[in-house]
Each structure stands twice: as C-alpha cells, then as structure tokens.
Number of protein chains: 2
Amino acid sequence: MDRSSGVPAFRQVAADLRERIVAGEYEPGARLPSERELVDNYGVSRPTIRDAIDLLRAEGRVDAVRGVGVFVRPPTQIERLARSRLSRAARAENKGAFMADAAAKGFTPSSSVKIRFEPADERVAGLLGIEPGTEVTVRDRVMRANGLVVQLAVSRLPRELTRGTVIEEVDTGPGGAYARLEEAGHAIGHYVEDVGSRMPSPEEASTLQLAEGVPVITVTRIAYRQDGLPLEMNDMTLPADRYRLTYEWAAE
Amino acid sequence: MDRSSGVPAFRQVAADLRERIVAGEYEPGARLPSERELVDNYGVSRPTIRDAIDLLRAEGRVDAVRGVGVFVRPPTQIERLARSRLSRAARAENKGAFMADAAAKGFTPSSSVKIRFEPADERVAGLLGIEPGTEVTVRDRVMRANGLVVQLAVSRLPRELTRGTVIEEVDTGPGGAYARLEEAGHAIGHYVEDVGSRMPSPEEASTLQLAEGVPVITVTRIAYRQDGLPLEMNDMTLPADRYRLTYEWAAE
DNA sequence: GGGGGGAACTGGTCAAGACAAGCTGACATG
DNA sequence: CATGTCAGCTTGTCTTGACCAGTTCCCCCC
C-alpha cells in the first residue's frame with residue numbers, strides 16, 4: 001500500500017488481488033479472504049475493500065455470495081456456433097441450427113417460441129428491404145441447454161413470405177424455417193452476419209442469468225434469396241462467457 | 001421510491017434514471033442532475049446515488065467527468081471490419097487489411113510494430129500445429145486511426161517460415177505478411193476466425209482508451225496453407241463500441 | 001479591456017458505524 | 001442417531017460526514 005502514489009487505495013487493493021489471482025495464489029474457485037480480513041490485511045476501511053472487490057466483479061474475475069464469501073470465477077466452458085450448421089445438409093435431418101449444435105455437445109436443448117405480427121420499424125424495414133410499416137412475422141425464441149438459457153433470438157420475415165406456412169406456427173418442422181422457405185421456392189443464396197458486443201441490460205442479465213461483468217454478444221444474421229432479396233433477419237443475443245463464434249472461409 | 005419493495009434503493013434510483021434516459025428525457029450528451037441534486041430528489045444519501053450511477057457506468061450508459069457532471073453517453077459510431085479485406089485482390093495495392101480498411105473510411109491509419117522471438121506455449125503450439133517450445137516470430141502491433149488506438153494485434157508464425165524474410169522486419173512491404181508468405185510459395189488456402197468478448201483488463205482499458213462499461217471483442221484468426229498447414233495465428237483485441245464484424249458466405 | 005485569482009460548483013475518495021439477510025456448522029433436543 | 005435451532009460467520013445495503021481534486025465562471029484588480 002502506497003498512500004502517496006496518487007493511485008486510489010481501492011485500486012491498489014484491486015490491483016494486488018488481481019495479481020494474486022492471475023499468479024494463481026488464489027486458484028479458480030478458491031475463496032478470497034473475507035472483507036473484514038482484508039480490512040486488517042491492507043489497513044483500509046471496509047467500503048474501500050468493497051470498492052476494490054466491486055472492481056474485480058465488474059471485470060468478471062470474482063463472484064460474491066452473501067453469507068459465504070468471494071470466489072475466483074472458474075474459467076467458463078466454451079460453446080461453438082459454426083456457420084456450417086446452416087448448410088442444407090445439416091438441415092436435412094434435424095430441427096434447426098441451434099438444436100443440432102446443442103445436441104452435438106451432449107446438451108439437452110429446448111426452446112420456447114412466441115409468435116407475433118407487427119409493422120416493421122425503420123431498422124427492420126431497411127434490413128429486409130421493405131417499406132416501414134409493412135407487416136412482419138416475428139418469431140421470438142428463448143433457447144435453453146439443460147434448462148439454462150443460453151441464447152435469445154428474434155427472427156423477422158416479411159409476412160407475405162410466411163402466410164399460410166408453418167413458419168407462423170410454433171413448430172416449423174424438420175430443418176426449421178429455412179427449410180420451409182426453400183420448399184416454398186425461396187432458395188437461400190447467402191447469409192450475412194454482423195457481430196458486436198455490449199454490456200447487457202438488466203432484463204437481459206436476468207433472463208440469461210448472467211454473472212456480473214459478463215458482456216453479451218449480439219449477432220444480426222440476414223438470409224438472402226439467390227436473387228438478393230432479403231428473406232429473414234435474426235437478432236441473436238448470446239452470453240459472452242458461454243460462446244465463441246467460429247467463421248471459416250477460403251482465401252480468394 | 002418504494003422502501004418496502006425489497007429492491008435496494010440504489011437499484012431503484014438506477015432503474016428510474018435508466019428509464020428517463022431511454023425515454024429521451026435525458027438526451028444523448030445531456031448532463032444528469034448533479035449527485036447532490038439527486039440526493040435531494042430521491043431522498044437518499046450520496047453514496048447510494050453514487051452506487052446507482054456506478055451501475056449505469058458499468059452498463060456503459062453514462063460517463064462521469066470530475067468537476068463537470070455525469071453525461072448520457074452518445075451512441076457510438078460504428079466501424080466495420082469485413083473479411084473480404086483479406087482477399088488477394090485487396091492485397092495487391094496496399095499495405096495490409098487494416099491499413100486498407102481505415103484508409104477507405106477517410107481515417108489516417110498508423111501502426112507501430114514490435115518484433116520478438118519466443119518459444120511457443122501450449123496454446124500457440126496447438127493452434128499452429130507445432131511442438132511446444134518451437135521458436136515463433138511474434139509481431140506485436142498497435143493500430144491507430146487518427147492517433148486513437150483502435151486495435152491490438154499479436155501475430156505469431158513459426159520462425160521457420162519467416163527466417164530471412166521481411167516478415168521479421170518492421171515493414172513487411174506492400175500487401176503485408178500474407179503477401180510475403182504467398183511469394184515464398186505458401187499460398188493461403190483458408191482462414192478461420194474465432195470471435196469472443198469479455199471485459200478488458202485495466203491495461204487494455206487504458207491502452208485502448210476505453211470508456212467504462214465497454215467490453216472488448218477478441219478475434220483469433222488462423223491462416224492455413226492450401227494443404228492445411230497453419231501458417232499464422234493472429235490474436236486481435238478490438239474496442240466493442242467502435243467495431244462490428246461482418247461475415248458473409250454463400251448458402252450450401 | 002485584459003488577465004489573474006478565487007469562489008462555487010462538479011465528481012472522486014475514504015472513514016466509521018449500523019443493521020439486514022443469507023449461509024454454515026456446532027450443539028442441544030427429540 | 002436424526003433433527004431442528006441458533007450462534008456466528010459471511011456479504012449487502014445505507015447513513016452521516018469529511019476532504020480532495022478538477023472545472024467553470026465571475027469578479028476584482030491591473
């Protein structure tokens with residue numbers, strides 16, 4: 001502790017704890033000394049210790065459990081979401097990309113869907129190449145693996161494309177909505193995915209059961225017909241600590 | 001303020017401020033009432049107000065400036081990093097993917113490189129398909145646009161592939177390291193990118209001049225020779241508020 | 001009129017104390 | 001031996017109070 005360095009005390013404490021964590025002094029899953037012990041160790045007040053721990057929590061390094069202690073967060077298991085899951089071959093036998101992906105990893109996947117119809121706002125209209133206000137079919141999905149929510153997905157299609165098809169039903173049948181579109185003569189030409197990241201809203205954090213300091217990855221996928229017409233857009237929200245996305249392409 | 005709801009006061013204050021922000025009552029760039037004013041408005045103590053504001057800062061919604069006030073963070077401008085920048089055609093005329101990308105947007109790109117040689121650790125060895133301990137060439141780059149740091153990139157190649165080439169020099173010449181590899185007979189077959197996200201370390205936050213509550217996007221790209229041999233791996237770190245990644249592929 | 005100084009704001013840090021709420025384990029009781 | 005209770009630990013929340021440090025702007029002085 002250097003009180004004359006100009007660095008706030010709570011940041012010095014946080015830096016020291018962080019060092020000990022990465023150095024392995026506190027192993028993954030291990031409990032840190034209690035706040036009151038840290039008060040004695042560092043010679044600062046409890047709010048200062050709490051400020052330091054809050055910093056580490058915002059960085060996603062530790063979790064605090066009331067009545068128990070503060071623990072070093074263990075490294076998280078990694079899922080993969082490969083774009084090859086969207087191939088027609090993969091669609092032939094299963095219910096869709098997510099179900100296939102999860103099942104392949106030994107998870108028990110499940111998903112609940114809510115369907116609604118609404119006029120397209122400006123963003124949706126722009127991405128789907130339609131007039132704002134045009135009716136779109138919205139499939140709002142919550143995906144779970146072993147009961148744990150792992151992904152939110154909001155899919156939107158021009159209603160014109162879905163009227164009278166099972167895409168407006170909860171169960172879209174084998175291969176999912178993409179398979180139904182192709183059967184209806186809308187062969188998919190290419191996909192575009194737009195990937196970003198941000199901190200979750202409180203609602204997202206609780207829905208996805210996110211620990212503190214964990215961002216979400218946002219993916220917007222658009223599926224285009226072979227003539228370039230946008231068929232579907234899909235806004236996905238993924239917990240960043242449970243997913244990595246893999247993309248692969250040939251050099252040109 | 002409902003003191004009997006069980007919801008902590010600072011969360012109620014944060015929720016109320018958040019609502020007003022998304023409702024537009026406090027416009028982007030606008031100043032929130034000072035902490036002491038909020039103390040009067042909500043009838044709670046200042047640390048409670050500060051806890052609420054800290055929450056909004058961790059969410060990336062507001063920025064605090066000492067001596068001035070707390071401001072609603074304006075929506076961030078968006079860059080794009082397209083994979084098509086890696087095509088041979090694009091390499092023909094310029095110095096590399098990043099330089100081309102930035103120049104195309106009217107930025108003045110610059111980058112500083114540090115080169116070193118080190119034995120491969122387990123992860124690097126695994127990804128490059130070599131034995132741990134094998135010497136690799138490391139190109140550690142800091143990329144800037146108009147002086148602002150916008151990307152960190154650590155590129156590693158088996159030293160065997162770079163010995164005697166300008167890849168071990170600061171300036172790799174037109175088209176960058178990939179062009180030199182191809183000239184040396186290592187035609188690139190395909191690329192794989194692995195995308196994730198997390199909160200930055202304090203060092204990353206200061207190097208990338210990140211505001212609070214802004215995650216980083218991590219991309220690990222591996223370039224493979226046409227026979228499948230890994231040629232290069234590149235660990236990139238991007239500020240999530242300044243980048244979105246775009247991937248595009250044909251349906252199969 | 002121009003410049004310097006300072007008052008009055010702003011957020012940043014820290015202390016000491018109190019009580020609430022959740023968990024664990026020892027201990028008494030059946 | 002099984003079970004339920006409770007003491008004693010943990011973190012969570014909130015208060016009052018104080019001082020520091022950066023910014024802005026007005027006012028006085030030159």
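Residue numbering restarts at 1 for every chain, and letters A, B, ... go by the order of the sequence lines.
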Side chain of [X], backbone of [Y]: donor and acceptor closer than 3.5 Å?
| X | Y | answer |
| --- | --- | --- |
| B:E118 | B:T137 | no |
| A:R156 | A:L128 | no |
| B:Q151 | B:V142 | no |

Just the rounded figure in Å: distance from [atom2] of [N] to [atom1] of [X].
| X | N | atom1 | atom2 | value |
| --- | --- | --- | --- | --- |
| B:Y42 | D:dT13 | OH | P | 18 Å |
| B:L38 | D:dC14 | CG | P | 15 Å |
| B:I49 | C:dG11 | CD1 | P | 11 Å |
| A:D40 | C:dA16 | CG | P | 12 Å |
| A:Q12 | C:dT13 | CD | C1' | 12 Å |

Any carboxylate oxygen within less than 4.0 angstrom of a Lys/Arg side-chain nitrogen, looking at [X] and [Y]?
| X | Y | result |
| --- | --- | --- |
| A:E19 | A:R61 | no |
| A:D63 | A:R73 | yes |
| B:E59 | B:R57 | no |

Just to be sure I understand the geometry, which residues of residues 51-62 of chain B put a non-hydrogen atom under 4.0 Å away from DNA chain D?
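DNA chain D contact set from residues 51-62 of chain B: none.
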Would you tell me whether A:S155 and A:N234 have side-chain atoms, one donor and one acceptor, within less than 3.5 Å of each other?
no
Taking atom types as modelled and ignoring hydrogens, do the side chains of A:D16 and A:Y42 form a donor-acceptor contact shorter than 3.5 angstrom?
yes
Think B:R46 has a side-chain N or O under 4.0 angstrom from the OP1 or OP2 of D:dC14?
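It does not, given that no N or O in the side chain of B:R46 lies less than 4.0 Å from OP1 or OP2 of D:dC14.
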Under-4.0 Å side-chain N/O to phosphate OP1/OP2 contact, B:T48 with D:dT13:
no
What nucleic acid atoms does A:P8 come within less than 4.0 Å of, heavy atoms only: base, sugar-phosphate, or nothing?
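Answer is sugar-phosphate: A:P8 comes under 4.0 Å of backbone atoms only.
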Between the protein and nucleotides 7-10 of chain C, are there any N/O to N/O pairs under 3.5 Å, and if so, what are the atom names and distances?
from   : atom 1 : to    : atom 2 : distance (Å)
C:dT10 : OP1    : B:S34 : OG     : 2.9
C:dT10 : O2     : B:G67 : N      : 3.0

Applying salt bridge (Lys or Arg N to Asp or Glu O under 4.0 Å), can you list everything that pairs with B:E35, at least two apart in sequence or on another chain?
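So B:E35 forms a salt bridge (Lys or Arg N to Asp or Glu O under 4.0 Å) with B:R46, B:R50.
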